[in-house]
Amino acid sequence: MNPEALVRPELDIGVPHGDLLLVFAETIIGTDRAALDAARAALVDALGPEAIAGASAIAGNFTKNDRVANGLGIPVGPPVLQGTEELREQLGLNAYKSAENTFRHM
Amino acid sequence: MSLYEDSALPVRADLEAAHQAQFDRFGQTGTWGSGAQRIAVISAARQAGIDAGVLEAPEDGGATSDVELPKVVRDIIAKVAVSPKDVDLDFYDAAIGSGLSDAEYTEIVGLVSFITNLDVFARGIGVPLRPLPEPQPGEPSRVRPPEAVQEQAFVPTIPNPPEGGEVAKAMYGPFKPYIMRAMSLVPEEFNDHIALERAQYLPLEKIMDFEFNHHDGLTRPQAEVVAGRVSALNDCFY
């Protein structure tokens, strides 16, 4: 998987039908309902109808976790932090406001 | 009628059961909020999403609540529901300075996070948002776990074993990452968080098994694409 495509979805993420999954993830939490409906239909064609509940469950779950993490201000632990320095820089994650929940403890 | 009986797309039975259990929990008395207060919080969170255009108002939204929420609670709901990336320590400190307790804050963040999750799921599979349950009578227990201490989150949490003692062992087993422990100041909400995580992401004991596929039709890398993109759009550093 090319993680850079998570923040730059025009890149190839290197996962089968990853382009469709990126669009589905964006539209399920976006404002364009017609785009979501189109993304869902494309996913059904590519992965089958049973994949939609799974993709929606994952999107919902991380919608939850992002709110729990940012809302309660939890930091990333040192082991994860030390192993992801290059990736965080590459993806621009250090610029997120929520990064302060980790950096204020360093 | 089961929760997703009207869905044209299949939903796993255990996933549907977990969501039904959470909808039932919304209306029950919580640790700090009454059933009516919890439904008021959830209704306001859903309305914030509708107002922001990321949810569609259902024809049948279910139960409502006549509880008038204080401004500090309305502010938390609005921010966490629609713009979680803008929550910071100053915002939390201001909420606590307004008279809310850290445990009440935790329960509110949990409720908003859980209803947003379920509403996003409904939108994803193409069904209307599910009706909210009737609030149930009862008094909140207001039990605060004495094992919770200030670690590094905004709110106190129960540490992993051995620091968290026997309670931590019972709740976590040998270890839980911070994202799973984050709501431990309110153990009932912690339990709901874990139950949803197991059904919607994967059983936590499988988290390092990258060959394990929890969702029909989706490989683990495909699931991680959705997870990673959603978190990137929410500016979630964690």
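Every chain is numbered from 1 and lettered A, B, ... according to where its sequence line falls, protein lines coming before strand lines.
Ion pairing between B:D88 and A:K97 holds under the 4.0 Å rule for side-chain N and carboxylate O.
A side-chain donor-acceptor contact under 3.5 Å links A:D66 and B:S231. Under 3.5 Å, the side chains of B:Q152 and A:N101 contain no donor-acceptor pair of N or O atoms.
Residue contact with chain A, scored on non-hydrogen atoms closer than 4.5 Å, involves the side chain of B:L233 exclusively. For B:A8, no part lies near chain A; criterion is any non-hydrogen pair under 4.5 Å. Both the backbone and the side chain of B:H193 come within contact range of chain A, with heavy atoms under 4.5 Å apart. B:A199 does not touch chain A: none of its heavy atoms, backbone or side chain, sits under 4.5 Å away. With a threshold of 4.5 angstrom between heavy atoms, B:Y92 does not approach chain A through any atom at all. Heavy-atom distances place no part of A:D37 under 4.5 Å from chain B, backbone and side chain included. At a 4.5 Å heavy-atom cutoff, the contact between B:V109 and chain A is made by side-chain atoms alone. For A:L43, no part lies under 4.5 angstrom from a heavy atom of chain B.
Residue with the most contacts toward chain B among A:P3, A:A55, A:A95, A:G14: A:A55 (heavy-atom pairs, distance under 4.5 Å). With respect to chain A, the highest number of heavy-atom pairs below 4.5 Å among B:G110, B:A223, B:G217 belongs to B:G217. Chain B forms more heavy-atom pairs under 4.5 Å with one residue of A:P16, A:A99, A:G48, A:A69 than with any other, namely A:A99. Interface check for chain B: of the options A:I74, A:T102, A:V76, the most heavy-atom pairs under 4.5 Å are formed by A:I74. Your options are B:I125, B:D119, B:D86, B:I108, and the one with the most heavy-atom pairs under 4.5 Å with chain A is B:I125. The candidate with the highest count of non-hydrogen atom pairs below 4.5 Å against chain A, out of B:D235, B:N234, B:V87, is B:D235. Annotation: maximal heavy-atom pairing with chain A below 4.5 Å, among B:V155, B:T219, B:T116, occurs at B:T116. Put simply, of A:V7, A:I13, A:V68, the one with the most heavy-atom pairs under 4.5 Å next to chain B is A:V68. Among the candidates B:S7, B:A122, B:P177, B:G53, the residue making the largest number of heavy-atom pairs closer than 4.5 Å to chain A is B:G53. When each of B:M180, B:E197, B:K85 is scored by its heavy-atom pairs under 4.5 Å with chain A, the top score falls to B:E197.
Across all non-hydrogen atoms, the minimal contact from A:Y96 to B:F237 is CD1-N, 3.7 Å. Residues A:A57 and B:L15 share a closest heavy-atom pair of CB-CD2, 4.0 Å. Scanning both residues, B:I179 and A:N65, for their nearest heavy atoms gives CD1-O, 3.5 Å. For the pair A:F24 and B:G124, the tightest heavy-atom approach, listed with the atom from each and the gap, is CZ-O, 3.9 Å. Contact record, B:N117 with A:N61: OD1-N, 3.5 Å, taken as the closest heavy-atom pair. When all heavy atoms of A:K64 and B:L196 are compared, the pair lying nearest together is CE-CB, 3.9 Å.
Counting heavy-atom neighbours within 6.0 Å of B:E205 CD, excluding the residue itself, gives a total above 12. The environment of CD in A:E89 is sparse: at most 12 heavy-atom neighbours from other residues, nucleotides or ligands sit within 6.0 Å. Heavy-atom neighbours of A:E10 CD from other residues, nucleotides or ligands within 6.0 Å: above the threshold of 12.
The main-chain N or O of A:L6 is found under 3.5 Å from a side-chain atom of B:R229 such that the two form a donor-acceptor pair. Here the side chain of A:R67 pairs a donor or acceptor atom with the backbone of B:V80 at under 3.5 angstrom.
Two residues are said to be in side-chain contact when any heavy atoms from C-beta on lie closer than 4.5 Å; A:R40 and B:L9 meet this criterion. Between B:V230 and A:T63 the shortest side-chain heavy-atom distance falls below 4.5 Å. Residues B:Q200 and A:I58 are not in side-chain contact: their nearest non-hydrogen atoms beyond the backbone lie 4.5 Å or more apart. B:L89 has its side chain out of reach of A:E100: every pair of non-hydrogen atoms, C-beta onward, lies at least 4.5 Å apart.
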Does the side chain to side chain contact (heavy atoms under 4.5 Å, CB included) test come out yes or no for A:N70 and B:C236, once each step is laid out?
CA-CA 7 Å; A:N70 289 4; B:C236 185; 3.7 Å; yes

Residue pair B:V120, A:I29: steps toward the side chain to side chain contact (heavy atoms under 4.5 Å, CB included) verdict
CA-CA 7 Å; B:V120 164; A:I29 59 171; 4.3 Å; yes

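In this structure, CG on A:L72 lies 12.0 Å from CZ on B:R181, to the nearest 0.5 angstrom. To the nearest 0.5 angstrom, A:R33 atom CZ is 4.5 Å from B:E56 atom CD.
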